[in-house]
Amino acid sequence: MFDFSTTVNRYGTYCTQWDYVEDRFGQADLLPFTISDMDFETAPCIQQALQQRLEHGVLGYSRWNHDDFKLAITGWFDKRFNVQLPVESVVYGPSVIYIISQLVQIWSEQGDGVLVHTPAYDAFGNMLNANQRQLLESPLLKTAEGYQIDWPQFEAQAALSHCKILLLCSPQNPTGRVWTKIELERMAEICQRHNIKVISDDIHMDVAYSSYIPWSEVAMDNDWALVTSGSKSFNIPALTGSYAFMPDKATREAFLLQLKAAHGLSSPSILGVIGHIAAYQHGDEWLDALKGYLHENLEYVAERLNLEFPTINYQVPEGTYLAWIDLNSLNINMDELQRTLINDHKVAIMRGDTYGSAGKGYIRLNVGCPRSKVVVGVTALIAALQTIRQ
């Protein structure tokens with residue numbers, strides 16, 4: 001019913017991934033597997049809602065603080081995850097990283113530490129550095145069962161007197177881990193014991209292939225916020241808009257003071273608001289079809305790579321549309337791999353050390369695109385690796 005195989009030409013649309021690939025990779029004529037948006041058109045229900053609004057013709061100031069927006073959000077958590085969250089705890093923000101940044105400032109002081117599982121989304125480190133906070137790493141351990149938390153190391157970091165916040169990524173970017181309830185409960189217990197507040201970035205929650213559990217289901221107090229958006233799952237980041245659940249009233253008020261008074265951002269993009277309402281009210285069937293297609297893309301990557309290079313033993317992640325591929329067993333020079341991919345194959349793939357030292361020897365391949373593009377990218381990667389190993 002939904003077409004994810006037709007290629008959409010994104011050139012000339014001011015597209016970060018396609019039109020500006022030269023900014024990061026030095027060449028403009030590359031096939032990109034980089035920024036974590038998708039090459040698919042968004043759900044038809046969203047397109048129809050936006051078209052209807054544009055036909056109205058007036059695009060004046062708007063509001064987010066109304067039941068249509070907030071009940072669409074809480075209704076989504078109810079029907080997709082069987083989780084009931086209070087509508088009064090919902091707040092809007094222009095982006096997930098904006099909300100996280102404001103909470104970091106509200107809940108900590110300059111020089112304080114923020115605990116993060118690594119490898120981590122690179123914007124986390126940039127944001128913490130700009131806010132003069134210290135990123136406290138908790139490197140994930142790669143095991144035969146997947147990526148696991150190093151619990152003694154995690155608790156040792158949490159016990160530091162200057163560690164004030166856990167910045168959780170759930171599902172985790174870039175490894176694709178979807179945390180189990182047991183893992184979340186253990187993190188919650190450690191955080192409560194050490195008086196650590198929790199910010200859970202759940203922007204990839206809708207693209208989980210195993211059971212996603214929101215932090216609200218394990219929280220032991222109100223010192224937490226769940227921050228997310230429909231932008232990844234419905235491919236609408238350019239509409240802008242995100243939201244958070246903040247159960248503590250004082251935290252909500254402090255955040256809204258920053259949003260409204262300090263930064264003048266209380267009037268949202270009306271298209272972002274309408275896009276979220278449409279997605280959460282009518283987008284279930286499209287999203288389910290998308291998830292099936294993405295999972296098949298990831299299975300294709302695993303099949304091709306493991307056939308050519310068995311030592312890689314790439315496993316399909318539990319969530320996201322990002323293939324986090326460990327090439328360390330091949331003992332290759334990553335600089336040479338990048339040069340070969342760019343110069344010989346005209347392909348741009350993110351190198352793992354973009355996401356910190358824990359990503360050394362890895363690459364992150366975005367498969368949020370038609371299968372035909374994935375085939376080209378994986379074929380180029382295999383050919384580049386074969387050339388380097390000769």
Side-chain angles (χ1 to χ4, degrees), residues 42-96 98-100 102-103 106 199-203 205-206 212-217 219 222 224-261 263-288:
T42 192
C45 64
I46 297 176
Q47 295 188 50
Q48 292 164 9
L50 298 179
Q51 288 168 359
Q52 183 178 1
R53 183 62 181 82
L54 288 173
E55 288 172 0
H56 178 266
V58 180
L59 298 171
Y61 288 114
S62 60
R63 295 285 181 96
W64 60 269
N65 194 4
H66 48 75
D67 282 349
D68 285 352
F69 181 62
K70 294 189 292 185
L71 290 176
I73 292 168
T74 57
W76 184 253
F77 273 76
D78 190 359
K79 68 180 175 179
R80 297 294 291 191
F81 312 121
N82 194 28
V83 170
Q84 292 75 46
L85 288 160
V87 69
E88 64 269 15
S89 70
V90 176
V91 297
Y92 162 88
S95 72
V96 164
Y98 172 86
I99 298 177
I100 294 172
Q102 300 314 303
L103 288 170
I106 292 167
I199 304 170
S200 188
D201 174 356
D202 293 25
I203 198 169
M205 65 187 189
D206 292 318
Y212 155 78
I213 299 170
W215 184 263
S216 59
E217 301 309 285
N222 282 339
W224 60 272
L226 189 158
V227 190
T228 189
S229 171
S231 61
K232 298 292 184 187
S233 43
F234 288 95
N235 204 33
I236 53 173
L239 296 183
T240 73
S242 64
Y243 58 91
F245 294 98
M246 299 181 188
D248 180 65
K249 183 179 179 182
T251 298
R252 290 198 303 274
E253 291 175 347
F255 169 77
L256 291 174
L257 182 66
Q258 289 295 100
L259 179 79
K260 297 177 181 180
H263 300 142
L265 294 172
S266 58
S267 181
S269 160
I270 186 58
L271 299 185
V273 170
I274 288 173
H276 274 85
I277 293 171
Y280 287 169
Q281 290 182 342
H282 308 293
D284 294 76
E285 190 175 2
W286 182 90
L287 179 64
D288 290 338

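For the single chain, residues carry numbers from 1 onward in sequence order. Atoms considered below: every heavy atom in the structure, side chains included; atoms not considered: hydrogens, waters and symmetry mates. These numbers were taken from a predicted model, which means no experiment stands behind them.
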What's the spacing between S89 OG and L226 CG if we round to 0.5 Å? 9.5 Å
Take a 6.0 Å sphere around NZ of K79 and say whether it holds more than 12 heavy atoms from other residues, nucleotides or ligands. yes
In Å and rounded to the nearest 0.5 Å, what is the CG to CG distance from L265 to L256? 11.5 Å
Under 6.0 Å between ring centres: does that hold for H263 and Y98? yes
Measure across L271 and L239 and return the closest heavy-atom pair with its distance rounded to 0.1 Å. O-CD1, 3.7 Å
Roughly how far apart are D288 CG and E285 CD, rounded to 0.5 Å? 8.0 Å
Residue pair I270, Y61: steps toward the side chain to side chain contact (heavy atoms under 4.5 Å, CB included) verdict: CA-CA 8 Å; I270 186 58; Y61 288 114; over 6 Å; no
If we ignore hydrogens and angles and just use 3.5 Å, is the side chain of R252 paired with the main-chain N or O of E88 as donor and acceptor? yes
State, with a plain yes or no, whether a side-chain heavy atom of V91 is found less than 4.5 Å away from one of F255. yes
Considering all heavy atoms of both residues, which atom of H276 and which atom of G230 are nearest to each other, and what is their separation? NE2-N, 2.9 Å
Is it the case that atom CD in Q52 sees more than 12 heavy atoms from other parts of the structure closer than 6.0 Å? no
Reported CD1-to-CD distance for the pair I46 and Q51, which is rounded to 0.5 angstrom: 12.0 Å
Taking the six-membered ring for Trp and the single ring otherwise, decide whether the centroids of W286 and F234 are under 6.0 Å apart. yes
Sub-3.5 Å donor-acceptor pair from the side chain of T251 to the main-chain atoms of P247, do we have one? no
Within the structure provided, determine whether S242 and V96 are in side-chain contact (heavy-atom separation under 4.5 Å). yes
Taking every non-hydrogen atom, the tightest pair across Q102 and Q258: OE1-NE2, 3.2 Å
Contact check, side chains of D78 and V83, non-hydrogen atoms, under 4.5 Å: no
What are the two closest heavy atoms between L50 and I274, and how far apart are they? CD2-CG2, 4.2 Å
Might you point out which heavy atoms bring P214 and D202 nearest each other, and give the distance in Å? CA-OD2, 4.3 Å
The criterion is salt bridge (Lys or Arg N to Asp or Glu O under 4.0 Å); which residues satisfy it with K260, sequence neighbours excluded? none
Going by an N to O cut-off under 4.0 Å, is there a salt bridge joining R63 and D68? no
Flag side-chain contact, heavy atom, 4.5 Å: L59 against L54: yes
Would the distance check show the side chain of S229 and the main-chain N or O of G241 forming a donor-acceptor pair, the cut-off being under 3.5 Å? yes
Least distance between heavy atoms, P268 atom then S266 atom: CD-O, 3.3 Å
Candidate pair V90 and M246, rule side chain to side chain contact (heavy atoms under 4.5 Å, CB included), full reasoning: CA-CA 7 Å; V90 176; M246 299 181 188; over 6 Å; no
List in chain and number order the residues that pass side-chain hydrogen bond (donor to acceptor under 3.5 Å, both in side chains) with W76, two or more places apart in sequence or in another chain; answer none if no residue qualifies. D206
Under the side chain to side chain contact (heavy atoms under 4.5 Å, CB included) criterion, do K249 and N222 qualify, and how do the steps go? CA-CA 9 Å; K249 183 179 179 182; N222 282 339; over 6 Å; no
Evaluate the side-chain proximity of F245 to T74: yes if any heavy-atom separation is below 4.5 Å, no if none is. yes
Main chain of P237, side chain of S231: is a donor-acceptor contact present, judged purely on distance under 3.5 Å? no
Evaluate R80 against L287 for side chain to side chain contact (heavy atoms under 4.5 Å, CB included), listing each step before the verdict. CA-CA 11 Å; R80 297 294 291 191; L287 179 64; 3.4 Å; yes
Once you round to the nearest 0.5 Å, how far does CZ of F69 lie from CH2 of W64? 8.0 Å
